[in-house]
Protein chains: 2
Amino acid sequence: MTTRIQRRNRRKILDAALEVFSAQGFRGATLDQIAGVAGLSKPNLLYYFDSKEAMHRALLDELLDIWLAPLRAMNPEGDGRAEIMAYMRRKLQMSREYPRESRLFANEVLQGAPRLGDEISGDLKTLVDETAALIRRWIKAGQIARIDPYHLIFSIWALTQHYADFDAQIRMIRDGADPMDGAEPYLEELFDRLLKP
Amino acid sequence: MTTRIQRRNRRKILDAALEVFSAQGFRGATLDQIAGVAGLSKPNLLYYFDSKEAMHRALLDELLDIWLAPLRAMNPEGDGRAEIMAYMRRKLQMSREYPRESRLFANEVLQGAPRLGDEISGDLKTLVDETAALIRRWIKAGQIARIDPYHLIFSIWALTQHYADFDAQIRMIRDGADPMDGAEPYLEELFDRLLKP
DNA sequence: AGACACCTTGACTGGTTGGTCAGGTCTGCT
DNA sequence: AGCAGACCTGACCAACCAGTCAAGGTGTCT
C-alpha cells in the first residue's frame, strides 16, 4: 500500500535528487543538498529510500524509459528519412525540455556507467541493435544513404545532447544567449544532407 | 629555480591527477587516489601544490593549450573545405589519443565549468569568434555551404568528443569493440556532405 | 475520542577527506 | 666531510558526510 503522503514525498525527493545529481554528479551530491531542495530533513529522505545509492538507482530506472521513448517511437513501417528526421527532432526537443535528465545520464556514462545495471544496458543494446537493423533495411530499400547505422545513432545522440550537456560552454561562447538558438534548422540541414541517398 | 626532482614530481602528480580527475570528476577524486597513482605520499602532493583545487587548476591550465591547438592550427589562407575537414580529423585524433583530457573538460563543463576561470573562457570565446568569422569568409567565397559557423564548430566538438566522453556507452552497445571503429570514414562522409556548397 | 500505523526529526556515530605540522632524510655544493 | 636548503612523511586535526535511532508528532479509521 502506498499512501498519498508517500507518493508526494517520493516525488519531491526524486525531483530534488535529479536537480542535485545532474548538477553535481553522484559523488558530488550530498544528501543535505537534496534534503534542502526537497524541503525535507535528511533522515526523512532515508525513511523513503534506503540509501543515496538507492535514490540514484530509482532515478535512473524511472528516467530511462522517458529517455529512450523517442527511440521506441520510431515506426518500422514509416519512411526511413522521415522517421530518422523525426527521431532527431524528438531528441533535440528532449534536450530542450529535459536538460537535467540529459546531464544525469551524461554524468553517469562519463564516469564509466558504474551504476547502470547490466539489465539496463542490455535493454539499451537490444533496442539499438533493433534500430540499427531497421536502418539497414531502409538503406537496402534505397530510402537513405549508405551510412553506418550505429554511427548514425551515435551522431544523433552526440549532436542533440551536446546542447544540454555542454550548455555552460555554449553559453560562454554565445554570450549567454540560448544555446539552442538556431540549432534546429542547422541539424535539419545536416541530417537532410547526410541521409539523402 | 626549479630542480630536476621538482619537474619530475610535478609531472608525476599532474599525470596521476589527470588519470583520477578525468575518471571521477573533481569532487569524486580524492588526494589519496591521486597519491596512490602518482606513487607519492599525500602530504608530498601538498608540498608541490597548495590544494586539490590548485592541482585541478594547474591541469586545466596546462591542457587547454593542447586542447585548443587544432583550432589554432586552422589556416585562414587555406581552402575552406579542406581546412575544416582537417580540423575535424585532428579533433577526432585528439579523442583517440587524449581521451582522459577530453573527459576532464567534459566533467568540468558538465558541472557548469565552475573552475574554468573567466580568463580561460574569454580566450576560448575570442578564438571561436575568430574562427566563426573565418568560416563566414569561406562561405562568402563560395567554398563551403551556407551553414551557421557556430553550430558547425559545436557539431565538430560534439561528434568527435562523443567517442571519448561516452566511450563506456558505446562499448556496451558495440560489445566492447573499439568505439572509434569506423568513426573516421563516417565523419568524413558526414562533413563532406555538410560542407559541399 | 482513542488507537494504531505512519511519518518526522534532533542528536548522534563511524568513517572519510582535505589539509597541517614537527621533525626527519636526502642532495648538491664547497 | 659538513652544511644549507630542498624534499619527504607519520601522526594528527577539523570538517564533512552517509546512515542510525529513539523519541515524539500526525493522519486516518472506527
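A, B, ... follow the sequence lines: proteins, then strands. Residue 1 opens every chain. In this text the structure is predicted, and so the values were computed from the model without any measurement. All values below were derived from every heavy atom in this structure, side-chain atoms included, with hydrogens, water molecules and symmetry-related copies excluded.
- Straight-line distance from the CZ atom of A:R10 to the P atom of C:dC7: 10 Å, rounded to whole Å.
- Residue-to-nucleotide proximity on DNA chain D shows that, of B:K42 and B:R8, the 5′-proximal contact is made by B:R8.
- Comparing atom distances between the A:T3 side chain and each of D:dT20, C:dT8, C:dC6 picks out C:dC6 as nearest.
- Remark: B:Y48 OH is packed, more than 12 non-hydrogen atoms of other residues, nucleotides or ligands lying under 6.0 Å away.
- Going from atom CG of A:D65 over to atom CG of A:L68 covers 7.5 Å, rounded to the nearest 0.5 Å.
- Contact annotation: B:Y48 side-chain N/O to D:dC8 OP1/OP2 distance is under 4.0 Å.
- Contacts of A:F49 with the nucleic acid, taken as non-hydrogen atoms under 4.0 Å apart, are absent.
- For the OP1/OP2 pair of C:dC6 and a distance below 4.0 Å, the side-chain nitrogens and oxygens of A:N9 include no atom meeting the criterion.
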>> Apply side chain to side chain donor-acceptor pair (under 3.5 Å) to residues A:S155 and B:Y186 and explain how you reach the verdict.
In response: CA-CA 10 Å; A:S155 58; B:Y186 176 82; 2.7 Å; yes
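- Contact check, A:Q6 against C:dC7: a side-chain N or O comes under 4.0 Å of OP1 or OP2.
- Side chain of A:I5, nearest nucleotide from D:dA11, C:dT8, C:dT27: C:dT8.
- Atoms CG (B:L45) and P (D:dC8) sit 11 Å apart, rounded to a whole Å.
- In this structure, A:R4 reaches the sugar-phosphate backbone alone: every heavy-atom distance under 4.0 Å involves primed, P, OP1 or OP2 atoms, never a base.
- Using bins of under 30°, 30° to 60° and over 60° for the plane-to-plane angle, the ring pair B:W67/B:F105 lands in the parallel bin.
- In the region residues 22-37 of chain A, proximity to DNA chain C at under 4.0 angstrom, judged on heavy atoms, holds for A:R27.
- Between B:Y47 and the phosphate of D:dC7, there is a side-chain N or O to OP1/OP2 separation shorter than 4.0 Å.
- Rounded to an integer number of Å, the gap from NE2 of A:H56 to P of D:dA18 is 13 Å.
- Ring to ring, B:H56 and B:F49 are not that close: their centroids are 6.0 angstrom or more apart.
- Between the NZ atom of B:K52 and the P atom of C:dG18 there is a distance of 4 Å, rounded to whole Å.
- A donor-acceptor pair shorter than 3.5 Å cannot be found between the side chains of B:N107 and B:Q24.
- In this structure, B:L40 places its CG atom 10 Å from C1' of D:dC8, rounding to the nearest Å.
- Taking the six-membered ring for Trp and thresholds of 30 and 60 degrees, A:F154 and A:Y150 have ring planes inclined between 30 and 60 degrees apart.
- Rounded to whole Å, the distance from CG on A:N44 to P on C:dC6 is 15 Å.
- Spacing between atom CZ of A:F21 and atom P of D:dC17 amounts to 13 Å, rounded to whole angstrom units.
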